[in-house]
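This chain uses plain numbering: 1 for the first residue, then up along the sequence.
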Amino acid sequence: MTSTPPKLATQPMSTSLNATVDMSVVDVKDSDDVARRASIILAKYGATVRATVAAPSPEAPPPLPLPVYRTHSDATAGSHKPTVSFGSVLGEGGMGVVHLAEQQSLGREVAIKRVRDAYVRDDGDASLVREALVTGSLAHPNIVPVYDLAQCEEARPFLVMKRIEGRPWDEVLVAQPLKERRGDWLEVQLRVLMSVCDAIHFAHSRGIIHRDLKPENVMIGHFNEVLVVDWGLAVSVNEEHRGRFPLAVNARHIAGTPAYMAPEQVTGVGAALGPHTDVYLLGAMLYEILTGAAPHNADTLYASLYSAYESQQAPLADHISEPLAQICRTAMASEPSGRFDDVAAMRATLSDYLRHRPSIKITEKAMSLVHELSTMLKVNRDDATVVRSREFHTCFSRCKLGFLQALDIWPNNMQAREGLQVALTLMIEQSIATREFVQAKQLLDDLPYETPALRAKLCSAQVEHRRVEADLQTLGTLGARHDLRIGRNPRRWFTLGVAGMWSSITLLSWWWQRQGTLNGVRHTAVAAVVVVLMLLYVGVRHRSIRLTGLNQRMLHMATMTSVSVFALRLYAWQGQIAPEVAQPAELLLFFSAMGALSAVALRRLALPALTY
């Protein structure tokens, strides 16, 4: 059956359905068949996506001696029966109605739930007794208190509960726009969910599972107290409760709210139910907190049941914190083995998230900078000015600092560690691409996780860079050796000097010949002086003279020619050959030297060679 929690008079009760849907004969391997058959049968009873679907329990409650309450304030004097005075209706559902009442013995307001007259013969009173027994056994600050289970003078049972002054949690969630579901508001709602976890964990410790957890069944009091209500679908997984509480293994019908159901609830197989079912429902409530919609909300009952059976829901938006999204995904895993081990584990994970939230918020901001950094690299990878810009490096510095700050607050923040790894890897690869190897080496040492492949890439890039640099240096050297602009002045002065000396020697020899004083000794001596002076000049200025290949060839040719002329004159002197006879050979030697030099080095020397 479906029970209705006490709510404000302005809050209407959710529709409850007494749908006897036996799903034990359905082949649960065919999800489409399960959803189709279930939706057809439930539709006969007017079931909707967000209404609670209930079924009668095959187990009758134990007979109980219920006290009799007088339900009229004008009871005769002298009666010793407790008296309650019924007031306005707080809410009503498919089977039950909840009245505001006054418990006259204590002078306090209470909420009284009873079965409507139309459902008395449809197991209604028995369902109310079962609900009272289950709820009354769960004394917890976050579970609605039951004061008494009694009967009126007409032998009709009713349930006396605490009157909750507040509003359902679903009204709180609906009032908050989706785009503003963050910050302090989100933290408050997560703490409400943790209080619900406390209540459900306590119920599980007593062997009770709720089966119909949703924001509508959680009341938020005016003083922020959180109370889980509507335990009408609760069943026990403890065999010791047989005969007192309905057992999960005996469930043969679909029960719950389709928009929130766990996959095992759609099958209607009670043996598949357990604490893991409530874990899924808690995850569905978290999903609604984050997205503003129930996970299996759909236009038709069939679509909702199919979504629940397949555990299909819209993906969570990118702006939702990844750790929180992971909690939701884990709780709503399609297989029970993939969910949290128990409600306590889910609550502990939520508590860890709230405790580490400052670090997580910094991490999320740094992750947005990583995306911005990645976009800048993709768009401007070939633009060196952008990559080396102040804006780019500022973005990276803020990103790196954010991750380091997040890790300083929470050293085990794996998202921050992985984000830092991604940011540093992007920067290292960019540094390698721009040949900033020193920076790349420093960033490699800062990586949270050693990456041999990246280090090998850096080493390979350095080797390739050195090879290219060596090739460029070789090309530069070759270019310099053949650049006539380099070493021009030393080459000019050396050429003028050598030419001037040999011209002077030629004129001097001609003068001596005119005077009749030219002999082999003088002829040989002046050549030796030229060779010595040239060698002295080369020894002093050899670095500047040997700057280019042309200079070197001219130096070698001039030296060889001068030494050859000296050797020729020395040979003529020793052989008693007159200088006048040896001069044509000298001219031929000069012509040959300059001709060879013009052919292999400088064509402009061809004219002087022909002149000689």
Visitor: What I want to check is whether the side chains of H204 and D278 have a donor and an acceptor closer together than 3.5 Å.
Guide: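 Note: H204 and D278 side chains meet the donor-acceptor criterion.
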Visitor: From C399 SG over to L420 CG, what is the distance, rounded to the nearest 0.5 angstrom?
Guide: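 It is 7.5 Å, given to the nearest 0.5 Å.
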Visitor: Would you please name every residue forming a ring-ring contact (aromatic ring centres under 6.0 Å, His included) with H99, sequence neighbours left out?
Guide: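 Residues passing ring-ring contact (aromatic ring centres under 6.0 Å, His included) with H99: F86.
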Visitor: Answer yes or no on whether R108 is positioned over the face of Y147, meaning its NZ or CZ is under 6.0 Å from the six-membered ring centre and within 45° of the axis.
Guide: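 Geometry flag: set, cation within 6.0 Å and 45°.
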Visitor: Ignoring hydrogens and angles, tell me if any N or O in the side chain of E165 forms a donor-acceptor pair with the backbone of G221 under 3.5 Å.
Guide: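 Judged by distance alone, no pair lies under 3.5 Å.
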Visitor: I'd like to know whether F158 forms a side chain to side chain contact (heavy atoms under 4.5 Å, CB included) with K113, so could you lay out the CA-CA distance, the side-chain angles of the two residues, the decisive distance to 0.1 Å, and finally the verdict.
Guide: CA-CA 6 Å; F158 60 85; K113 181 176 183 179; over 6 Å; no
Visitor: Looking only at heavy atoms, what is the nearest atom pair of Y287 and A293, with distance?
Guide: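 So the two residues come closest at CD2-O, 3.3 Å.
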Visitor: What heavy-atom pair brings A406 and N413 nearest, and what distance separates the two atoms?
Guide: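 In terms of heavy atoms, the two residues are closest at CB-ND2, 4.2 Å.
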Visitor: Look only at the side chain of R211 and the backbone of G256, and say whether a donor-acceptor pair between them is shorter than 3.5 Å.
Guide: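 No; zero donor-acceptor contacts below 3.5 Å.
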Visitor: Calculate, to the nearest 0.5 Å, the distance between atoms CZ and CZ belonging to R130 and R244 respectively.
Guide: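 Taking CZ in R130 and CZ in R244, the distance rounds to 13.0 Å.
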Visitor: When rounded to the nearest 0.5 angstrom, what distance separates CD1 in I409 from CD1 in I362?
Guide: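 Rounded to the nearest 0.5 Å, the CD1-CD1 separation comes out at 3.5 Å.
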Visitor: Answer yes or no: is there a donor N or O on one side and an acceptor on the other, between the side chain of S368 and the main chain of K365, under 3.5 Å?
Guide: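 Side chain of S368 to backbone of K365, a donor-acceptor pair under 3.5 Å: yes, one is there.
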Visitor: Tell me, do I208 and F202 make a side-chain contact under 4.5 Å, heavy atoms counted?
Guide: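 When only atoms from C-beta onward are counted, F202 and I208 do not touch, as no gap falls below 4.5 Å.
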Visitor: How far apart are the closest heavy atoms of V228 and A199, and which atoms are they?
Guide: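 Smallest interatomic distance, heavy atoms only, reads CG2-CB, 3.8 Å.
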Visitor: Indicate yes or no: at least one non-hydrogen side-chain atom of L133 is less than 4.5 angstrom from one of V129.
Guide: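 Sidechains of V129 and L133: in contact.
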Visitor: Taking it one step at a time, do D212 and N217 satisfy side chain to side chain contact (heavy atoms under 4.5 Å, CB included)?
Guide: CA-CA 8 Å; D212 197 25; N217 287 342; 3.3 Å; yes
Visitor: Taking H210 for the side chain and V229 for the main chain, is one N or O donor matched with an acceptor at less than 3.5 Å?
Guide: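 A pair under 3.5 Å: yes.
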Visitor: Examine distances only and state if a side-chain atom of S307 and a backbone atom of H296 form a donor-acceptor pair shorter than 3.5 Å.
Guide: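 Not at all, since once roles are kept as given, no pair shorter than 3.5 Å links the two residues.
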Visitor: Nearest heavy-atom pair of Y353 and P323: which atoms, and what distance?
Guide: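 Looking at all heavy atoms of both residues, the shortest contact is CD1-CB, 4.0 Å.
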Visitor: How close do V370 and A423 get, heavy atom to heavy atom, and via which atoms?
Guide: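 Smallest heavy-atom distance, with atoms named: CG2-CB, 4.0 Å.
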Visitor: Passes side chain to side chain donor-acceptor pair (under 3.5 Å), Q326 versus T330? Steps please.
Guide: CA-CA 6 Å; Q326 185 57 44; T330 301; 3.2 Å; yes
Visitor: With side chain to side chain donor-acceptor pair (under 3.5 Å) as the test, would you mind laying out the steps for Y260 and E288 before giving the verdict?
Guide: CA-CA 9 Å; Y260 300 88; E288 184 163 3; 2.5 Å; yes
Visitor: For a side chain to side chain contact (heavy atoms under 4.5 Å, CB included) check, start with the C-alpha distance between M261 and I254, then their side-chain angles and the critical distance, and finish with the verdict.
Guide: CA-CA 10 Å; M261 278 185 181; I254 293 180; 3.3 Å; yes
Visitor: I'd like to know if the side chain of R191 and the backbone of S351 have a donor-acceptor N/O pair within less than 3.5 Å.
Guide: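 Side chain of R191 to backbone of S351, a donor-acceptor pair under 3.5 Å: no, none is there.
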Visitor: Please examine the side chains of D352 and R355, heavy atoms only from C-beta on, and report whether any two atoms are closer than 4.5 Å.
Guide: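 Side chain of R355 against side chain of D352, heavy atoms only: contact under 4.5 Å found.
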Visitor: Under a 4.5 Å cut-off applied to non-hydrogen side-chain atoms, are P168 and I220 in contact?
Guide: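 P168 does not reach I220 side chain to side chain.
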Visitor: If you draw a 6.0 Å radius around OH in Y449, do more than 12 non-hydrogen atoms from other residues or ligands fall strictly inside?
Guide: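 Above 12, so yes.
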Visitor: Show the atom names and distances, to 0.1 Å, of all donor-acceptor pairs under 3.5 Å that link a side chain in residues 134-142 to residues at least two apart or in another chain.
Guide:
from, atom 1, to, atom 2, distance (Å)
T135, OG1, E131, O, 2.9
S137, OG, V134, O, 2.6
H140, ND1, N142, N, 3.0
N142, ND2, V226, O, 2.9

Visitor: Is D342 reaching over with its side chain to a backbone N or O of P275, donor-acceptor style, under 3.5 angstrom?
Guide: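 Looks like no, no N/O pair under 3.5 Å.
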Visitor: Below 4.5 Å, heavy atoms only, C-beta onward: do P145 and M161 meet side chain to side chain?
Guide: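 No; the side chains remain at least 4.5 Å from each other.
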Visitor: Partners of Q189 by side chain to side chain donor-acceptor pair (under 3.5 Å), sequence neighbours excluded?
Guide: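 With sequence neighbours excluded, Q189 shows a side chain to side chain donor-acceptor pair (under 3.5 Å) to W169, given in chain and number order.
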Visitor: Mind listing the closest non-hydrogen atom pair of P157 and R114 along with its distance?
Guide: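 Shortest heavy-atom separation between P157 and R114 comes out as O-CB, 4.1 Å.
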Visitor: Quick one: does T257's side chain have a donor or acceptor within less than 3.5 Å of a partner on A259's backbone?
Guide: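 Looks like no, no N/O pair under 3.5 Å.
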Visitor: With rounding to the nearest 0.5 angstrom, report the CD1 to CZ distance, I200 to R347.
Guide: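 CZ of R347 is found 13.0 Å from CD1 of I200.
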Visitor: Just wondering, more than 12 heavy atoms not from E239 lying within 6.0 Å of its CD?
Guide: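 Yes, CD of E239 has more than 12 neighbouring heavy atoms, counting only those of other groups under 6.0 Å.
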Visitor: Decide yes or no for V237 and I209: does some side-chain heavy atom of the first lie under 4.5 Å from some side-chain heavy atom of the second?
Guide: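 The answer is yes, as the side chains (C-beta and beyond) meet within the 4.5 Å cut-off.
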Visitor: Apply side chain to side chain donor-acceptor pair (under 3.5 Å) to S304 and N297, showing your working.
Guide: CA-CA 6 Å; S304 180; N297 202 23; over 6 Å; no
Visitor: Check the pair E264, T277 against side chain to side chain donor-acceptor pair (under 3.5 Å), reporting the backbone distance first and the verdict last.
Guide: CA-CA 8 Å; E264 59 269 21; T277 304; 2.9 Å; yes
Visitor: Is it true that E364 and R357 make a salt bridge, defined as a side-chain N closer than 4.0 Å to a carboxylate O?
Guide: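 No salt bridge links E364 with R357.
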Visitor: If you apply the rule side chain to side chain contact (heavy atoms under 4.5 Å, CB included), what do you find for T363 with W410, and how did you get there?
Guide: CA-CA 10 Å; T363 300; W410 180 22; over 6 Å; no
Visitor: What I'd like to find out is whether the side chain of K214 reaches to under 4.5 Å of the side chain of D170, using heavy atoms alone.
Guide: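 No; the side chains remain at least 4.5 Å from each other.
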Visitor: With rounding to the nearest 0.5 Å, note down the distance linking OG in S359 to CG in N412.
Guide: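 One finds 10.0 Å between OG of S359 and CG of N412.
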Visitor: Counting only heavy atoms from other residues, nucleotides and ligands, does the tally under 6.0 Å from CG of N238 exceed 12?
Guide: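 Atom CG in N238 is packed in, count exceeds 12.
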Visitor: How about N250 and V235: do any of their side-chain heavy atoms sit closer than 4.5 Å?
Guide: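 Heavy-atom side-chain distance check fails, nothing below 4.5 Å.
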Visitor: Working to the nearest 0.5 Å, report the span between CD1 of I112 and CG of L100.
Guide: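 Those atoms lie 9.0 Å apart.
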